[in-house]
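Each remark here refers to the structure printed beneath this line.
Residue numbers begin at 1 in each chain, while the letters A, B, ... track the order of the sequences.
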Amino acid sequence: MDALYSALEPKLRERGQWELFEEIELPLCRCLAEMELAGCRVDSKALSDFGGLLSRRAEELESDIYRLADGEFNINSPKQLGEVLFDRLGLSHGKKTKTGWSTNADVLEKLRGEHPVADAVLEYRQLTKLKSTYADGLLKALDPDGRVRTSFQMTVTATGRLSSTEPNLQNIPTRTDLGSEIRRMFVPEAGNVLVDADYSQIELRLLAHISGDEGMRAAFLSGGDFHAETASRVFGVERKDVTHEMRRRAKAVNFGIVYGISAFSLSQDIGTTQKEAKAYMDAYFATFPGVRAYMDRVVEQARTDGYVETLYHRRRDLPELSSSNFNLRSFGERVALNMPIQGTAADVMKLAMIAVWKRLKAELTQARLVLQVHDELIVECPAADAEKASTLLKEEMEGVAQLSVPLTADAHWGKNWLEAKG
DNA sequence: CTCCGAGTCAGG
DNA sequence: CCTGACTCGG
């Protein structure tokens, strides 16, 4: 250990990363170890019942699909499915993959009006995904005490985020009603509750803070619905005249900006032409000129240094920026824009976890952190401590960094993860 | 039997 | 943009 320290400490100090190591990565280790050990209780009866329901519905769809396609085949094989849809039934194909025509959800959505089999396959895919990855997957990972224990990796991602494996508890469904039922199966011990706290728009708030863009800061300081605020500014209409569609598009642009998106990807996301997407981005940058100036600065700096870094000096090397390959270079530019934002959010969350962990140890000894999902923390505690734990989580998450815009977190609790999401 | 790339889809 | 799991098929 001494030898390692004396070899590595000067290297970290040279790079300005000693504090990152001592104040974030090192203390986080124990916190993660305890979370891994604690695990999270799963209602195995409810989960296997749900799995049964999924199986039955998937079987019905399977026979529907064979009937509609006039023959049996392996629906799970993209190759066979593509042959049935595009060669045999003659449906119109979209983009191609290396091995054939794509059969992904985007393509199947477009085929909905053309043939009823498309809808059946989409639903079949949803059910079998939930069944194999989540219902069966979680049951298989269940320990004898009824809890699942993930493994959190600290040294895998290029941005500083954690990753979760065997099982991955950072991609439990939330976007559809059926999928989010899985969250209902994550439950506390008898007499306990789950408390869930999540940061609101942390990445966009960090963009507002780091870029210093006055308009974007004002939008957050106003405290309203940020995507609607953005729509109002970008489309030049009164806040009350923002339509659902305007908000939806503004939200997609906000989302894309954080990724250093291209007009092409944005057009894919919101279903418009590339030209229209470009117009939205131009309007966005005209509205928030400080964001464009920041982005130009980051890429320029990255070209000079060969790396980008977060507010806490976590670093990502970017050899791609000096590539002679245009696509690779463009990729490097998008990474240069995304990493400081996504990475700083990860740093902030890690600091919050350490702070929460310390306070729980001191003030709520029965409570324990159980999960982290990038911008969300889940604590299990006695029902009587729910209110205190909620307040503690909110305070520590919001107080861990001082930004030029509010950093806000919302906490709720319930008898399962779905309820606790609020 | 194991390994691996590709396609797909779950999350942020 | 950042991930991981499952399935197929070689």
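- Using the six-membered ring where Trp is involved, A:Phe73 and A:Tyr66 have ring planes that are perpendicular, over 60° apart on the 30 and 60° scheme.
- Residue contacts shown for A:Ala345 are absent, as no nucleic acid heavy atom lies under 4.0 Å away.
- Taking OH of A:Tyr307 as the start and CG of A:Asp305 as the end, the distance is 4.5 Å to the nearest 0.5 Å.
- Listed by residue number, A:Lys129, A:Ser132, A:Thr133 are the residues of residues 108-143 of chain A with a heavy-atom contact under 4.0 Å to DNA chain C.
- Here A:Leu194 contributes atom CG and A:Lys421 contributes atom NZ; the two are 12.5 Å apart, rounded to the nearest 0.5 Å.
- Note on A:Glu83 versus A:Arg88: no salt bridge recorded, every NZ/NE/NH1/NH2 to OD/OE distance being 4.0 Å or above.
- A:Gln80 comes within 4.0 angstrom of sugar-phosphate atoms only, judged by non-hydrogen atoms across all strands, and of no base.
- Under the 30°/60° scheme for interplanar angles, the aromatic rings of A:Phe220 and A:Phe226 are found to lie parallel.
- Contact annotation for A:Ala346: no contact, since no heavy-atom pair falls under 4.0 Å across all strands.
- Under a 3.5 Å cut-off, the side chain of A:Thr344 and the backbone N or O of A:Leu311 do form a donor-acceptor pair.
- Judged as a ring pair (Phe, Tyr, Trp, His ring centres under 6.0 Å), and not counting sequence neighbours, the contacts of A:Trp417 are A:Phe186.
- We find the CZ-CG distance between A:Arg249 and A:Leu266 to be 9.5 Å, quoted to the nearest 0.5 Å.
- With respect to the salt-bridge test (charged N to carboxylate O, under 4.0 angstrom), the residues A:Glu36 and A:Arg368 do not qualify.
- Near-neighbour residues of DNA chain C inside residues 249-283 of chain A, defined by a heavy atom below 4.0 Å, number-ordered: A:Tyr259.
- Chain A approaches DNA chain B over the interval B:dA6 to B:dG12, counting the first and last nucleotide 5' to 3' with an atom under 4.0 Å from its heavy atoms.
- Residue A:Glu166 is in sugar-phosphate contact alone, with no base atom involved, counting any heavy-atom pair closer than 4.0 Å across all strands shown.
- Projected onto DNA chain C by closest heavy-atom contact, A:Pro167 and A:Thr159 fall at different nucleotides, the more 5' of which corresponds to A:Thr159.
- Side-chain contact, A:Thr272 with A:Ser267: no donor N or O sits under 3.5 Å from an acceptor N or O.
- A:Arg334 comes within contact range of the sugar-phosphate backbone alone, with a heavy-atom separation under 4.0 Å but no base atom that close.
- First and last contacting nucleotides of DNA chain C toward chain A (any atom under 4.0 angstrom from a heavy atom, 5' to 3' order): C:dC1 to C:dG9.
- Within 4.0 Å of A:Gln170, counting heavy atoms only, lie sugar-phosphate atoms of the nucleic acid but no base atom.
- Heavy atoms of A:Asn171 sit under 4.0 angstrom from at least one base atom.
- Under the 30°/60° scheme for interplanar angles, the aromatic rings of A:Phe288 and A:Tyr284 are found to stand perpendicular.
- Listed by chain and number, the residues in a ring pair (Phe, Tyr, Trp, His ring centres under 6.0 Å) with A:Phe152 amount to none (sequence neighbours excluded).
- The closest donor-acceptor contact from the side chain of A:Tyr199 to the backbone of A:Met397 lies under 3.5 Å.
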